[in-house]
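Every chain is numbered from 1, with letters handed out A, B, ... down the list of sequences. Just so you know, these numbers use all the heavy atoms, side chains as well, and skip hydrogens, waters and symmetry mates.
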Amino acid sequence: HSTPMKLLKSYARAKNNAEGLKIINDLVSRRHNPEDAVSWNCVIDVLIRAKCHFSALRLYQRMMQVGRQPDSYTLSILVDGFTKAGEVDMAFRLLEILPQKGASPHVVTYTTLIDTLGKAGKISAALKLFQDMKSIGCDPNAHTYSVLINVLGLEGRWEEARGMFREMKNRNSINPDVHVHNSLMHVLGRAGEIDLAYVLFKEMKGKTLRPNVSTYNILVYALGKVGKVSDACEVFEDMKKKGVVPD
RNA sequence: AUGAGCUACGA
């Protein structure tokens with residue numbers, strides 16, 4: 001609960017790596033360890049965002065040395081950081097090791113991995129992780145389906161993306177949000193399936209989901225792509241009338 | 001109190 005640690009937490013939340021690193025350097029030079037798990041995680045998060053992956057790993061080891069257990073956050077932060085840095089092998093090693101130290105994988109851990117692997121073109125690895133998480137009883141959420149729809153769409157697999165959306169709707173624990181609707185609309189629009197995309201748009205409004213700027217950008221693009229210019233203009237006017245602002 | 005997903009535009 002020291003003042004520098006409070007500052008570091010707010011820098012971590014604001015993703016202000018430069019200021020965060022200054023504080024970390026200061027704490028390190030005074031041989032001052034974070035106290036609670038949240039503080040350790042914030043330090044590790046700032047180091048990861050600053051691309052100091054191996055410093056982050058050393059901090060994790062130090063955390064263990066002083067008898068502090070890593071948690072799901074620690075695991076997600078490290079796995080996401082190493083995967084995005086292209087260190088996929090290390091990410092999978094952490095995914096094996098940390099659970100033995102008390103850090104269980106969480107839906108966030110899997111979702112970030114699926115996202116990054118899929119965007120790197122490793123779609124079958126991503127789909128396998130999706131099966132893995134379900135088989136250990138880790139329930140996917142709307143974020144998970146959104147990233148799956150995006151990566152399937154990148155491969156042109158829009159029918160499977162639709163299948164994912166349906167699977168999500170069949171889980172009554174999930175409330176499909178604006179993002180996941182946008183993801184599928186974008187995939188359908190790029191595939192030229194404008195009618196299906198438009199149905200989705202109407203579904204959104206029927207569910208009292210508020211279309212955002214991305215929704216309108218996606219729809220205008222999709223309509224333009226199939227030459228429905230006047231429809232595109234209409235949608236654009238609708239957006240202005242609703243006063244949609246960036247969120 | 002700390003972690004993940006959509007479009008465009010930037011860099």
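For Arg13(A), the listed nucleotide lying nearest its side chain is U2(B); candidates were G5(B), U2(B), G3(B). Checking G5(B), A1(B), G3(B) against the side-chain heavy atoms of Val38(A) singles out A1(B) as nearest. Comparing U2(B), G5(B), A4(B) by their closest approach to the side chain of Tyr73(A) singles out U2(B). Relative to the side chain of Asp36(A), the nucleotides G5(B), U7(B), A1(B) differ in distance, and A1(B) lies closest.
Here A1(B) presents its C1' atom at 12 Å from CG of Asp71(A), a figure rounded to the nearest Å. Distance, Met239(A) CE to A8(B) P: 15 Å, rounded to whole Å. One interatomic measurement links the two molecules: OH of Tyr221(A) to C1' of U7(B), which rounds to 11 Å at whole-angstrom precision. Regarding Arg210(A), its CZ atom lies at a distance of 19 Å from the C1' atom of U7(B), rounded to whole Å. When rounded to the nearest whole Å, the span between CG of Leu209(A) and C1' of G5(B) equals 15 Å. Rounded to whole angstrom, the span from the CG atom of Asn17(A) across to the C1' atom of G3(B) amounts to 14 Å. Distance Leu154(A) CG to U7(B) C1': 13 Å, rounded to the nearest Å. Summarising the geometry, the separation between CE on Met185(A) and C1' on U7(B) is reported as 9 Å, rounded to the nearest angstrom.
Every residue was checked against the ring-ring contact (aromatic ring centres under 6.0 Å, His included) condition with His179(A), not counting sequence neighbours, and none meets it. Applying the ring-ring contact (aromatic ring centres under 6.0 Å, His included) test to Phe201(A) and every residue at least two apart in sequence or in another chain returns Tyr198(A), Tyr216(A).
Judged purely by distance below 3.5 Å, without hydrogens or angles, the side chains of Asp115(A) and Thr112(A) never pair a donor atom with an acceptor atom. With hydrogens and angles left out, the side-chain atoms of Asn212(A) and Asn182(A) include a donor and acceptor closer than 3.5 Å.
Contact between the side-chain N/O atoms of Arg190(A) and the OP1/OP2 oxygens of C6(B) is not found at any separation under 4.0 Å.
Side-chain atoms of Asn141(A) and base atoms of A4(B) include a donor and an acceptor less than 3.5 Å apart. For Asp177(A) and G5(B), a side-chain-to-base donor-acceptor distance below 3.5 Å is present, hydrogens and geometry of angles not being considered.
Base contact: Ala142(A) has a heavy atom under 4.0 Å from a base atom. Residue-level contact check: Val79(A) touches neither bases nor backbone, having no heavy atom under 4.0 Å from any strand. His181(A) comes within contact range of no nucleotide atom at all, as no heavy-atom separation falls under 4.0 Å.
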Listing, residues 75-86 of chain A side-chain donor-acceptor contacts under 3.5 Å, not counting sequence neighbours, or none:
| from | atom 1 | to | atom 2 | distance (Å) |
| --- | --- | --- | --- | --- |
| Ser76(A) | OG | Ser72(A) | O | 3.1 |
| Ser76(A) | OG | Thr109(A) | N | 3.4 |
| Ser76(A) | OG | Thr109(A) | OG1 | 2.7 |
| Asp80(A) | OD1 | Lys84(A) | NZ | 2.7 |
| Asp80(A) | OD2 | Lys84(A) | NZ | 3.2 |
| Thr83(A) | OG1 | Val79(A) | O | 2.5 |

Name each donor-acceptor pair under 3.5 Å that joins a side chain in residues 136-144 of chain A to protein atoms two or more places apart or in another chain, with its distance.
| from | atom 1 | to | atom 2 | distance (Å) |
| --- | --- | --- | --- | --- |
| Asn141(A) | OD1 | His143(A) | N | 3.0 |
| Asn141(A) | OD1 | Thr144(A) | N | 3.1 |
| Asn141(A) | OD1 | Thr144(A) | OG1 | 3.0 |
| Thr144(A) | OG1 | Thr111(A) | OG1 | 2.9 |
| Thr144(A) | OG1 | Asn141(A) | N | 3.1 |

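Residue side chain His143(A) meets the stacking definition with respect to A4(B): its ring centre sits within less than 5.5 angstrom of the base's six-membered ring centre, and the planes differ by less than 30 degrees.
Residue pairs meeting the side chain to side chain donor-acceptor pair (under 3.5 Å) criterion with at least one member in residues 7-16 of chain A: none, sequence neighbours excluded.
No salt bridge links Lys22(A) with Asp26(A); every basic N to acidic carboxylate O contact stays at or beyond 4.0 Å.
Proximity of residues 108-133 of chain A to RNA chain B (heavy atom under 4.0 angstrom from any strand atom) is restricted to Val108(A), Thr109(A), Thr111(A), Thr112(A), Asp115(A), Lys119(A).
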